[in-house]
Amino acid sequence: MTGDREFRRVRQHGAVVRDRLFTLRVTDYRPRYGEVWRPRATIGIVVPKKTLSRAVDRNRARRRVREALRTLPGGLPPCRAILLPNPAVLKVPFPELQAALARAFAGTPGKGKRGGRGGNSGPSPRVPGPVTPPAPTPAEEGRP
């Protein structure tokens with residue numbers, strides 16, 4: 001993903017999936033304005049200095065996650081996502097990282113739908129049946 005606008009949209013409307021290895025925020029795939037409709041996964045990997053202070057560790061975490069996503073069996077669903085790895089990503093065996101990512105993407109709520117806050121994601125409020133006006137009284141019927 002590129003640009004603050006795309007990241008902001010995913011942060012505001014994305015469904016959150018938390019794991020001990022990472023936090024994933026996912027929304028459905030929608031093309032950018034003027035872009036041809038080609039459903040694909042667009043993922044931004046964000047590793048803040050607060051999580052991993054050394055640049056070597058941040059880059060290594062980014063590379064491990066990117067490779068795990070690239071080699072996922074069955075591929076990735078069309079979506080836009082932000083992935084925030086935790087320090088445990090550096091120590092966990094690679095197949096375990098792949099399994100956790102596969103579980104996260106398989107369990108994303110509302111595949112193909114918009115998740116998270118906003119929109120009409122919840123059940124609609126209960127509305128009583130049609131409202132009918134009260135029947136006119138005999139005194140009111142005679143008035144013009």
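No hydrogens, no waters, no symmetry mates; every other heavy atom, side chains included, goes into these values.
Every residue was checked against the side chain to side chain contact (heavy atoms under 4.5 Å, CB included) condition with Pro73, not counting sequence neighbours, and none meets it. Residues passing the side-chain hydrogen bond (donor to acceptor under 3.5 Å, both in side chains) test with Thr71, sequence neighbours excluded: Gln98. Every side chain to side chain contact (heavy atoms under 4.5 Å, CB included) that Arg70 has, sequence neighbours left out, goes to Glu67. The side chain to side chain contact (heavy atoms under 4.5 Å, CB included) test applied to Arg63 returns Asn59, Arg60, Arg66, not counting sequence neighbours. In this structure, the side chain to side chain contact (heavy atoms under 4.5 Å, CB included) partners of Ala102, at least two apart in sequence or on a different chain, are Leu72. Residues passing the ring pair (Phe, Tyr, Trp, His ring centres under 6.0 Å) test with Phe22: none are found, sequence neighbours excluded.
One distance of note links CZ of Arg64 with CZ of Arg62; it measures 14.5 Å at 0.5 Å rounding. Here the CG atom belonging to Leu101 is positioned 5.0 Å from the CG atom belonging to Leu69, to the nearest 0.5 angstrom.
Two residues are said to be in side-chain contact when any heavy atoms from C-beta on lie closer than 4.5 Å; Thr27 and Arg9 fail this criterion. The shortest side-chain heavy-atom distance between Ile43 and Leu76 falls under the 4.5 Å cut-off. At least one side-chain heavy atom of Leu97 sits under 4.5 Å from a side-chain heavy atom of Leu21. With contacts defined as side-chain heavy-atom distances shorter than 4.5 Å, the pair Leu84/Thr51 does not qualify. With contacts defined as side-chain heavy-atom distances shorter than 4.5 Å, the pair Ile45/Pro85 qualifies. Side-chain contact check for Val89 versus Leu52: every heavy-atom pair is 4.5 Å or farther apart. Taking 4.5 Å as the limit, every side-chain heavy atom of Pro78 sits out of range of all side-chain heavy atoms of Asp28.
Judged purely by atom type and a 3.5 angstrom limit, Asn86 uses its side chain to pair as donor or acceptor with the backbone of Arg20. One N or O on the side chain of Arg25 and one on the backbone of Arg11 form a donor-acceptor pair closer than 3.5 Å.
Across Phe105 and Cys79, no two heavy atoms sit closer than the pair CE2-SG, 3.9 Å.
Other residues, nucleotides and ligands contribute over 12 non-hydrogen atoms within 6.0 Å of the CZ atom of Arg40.
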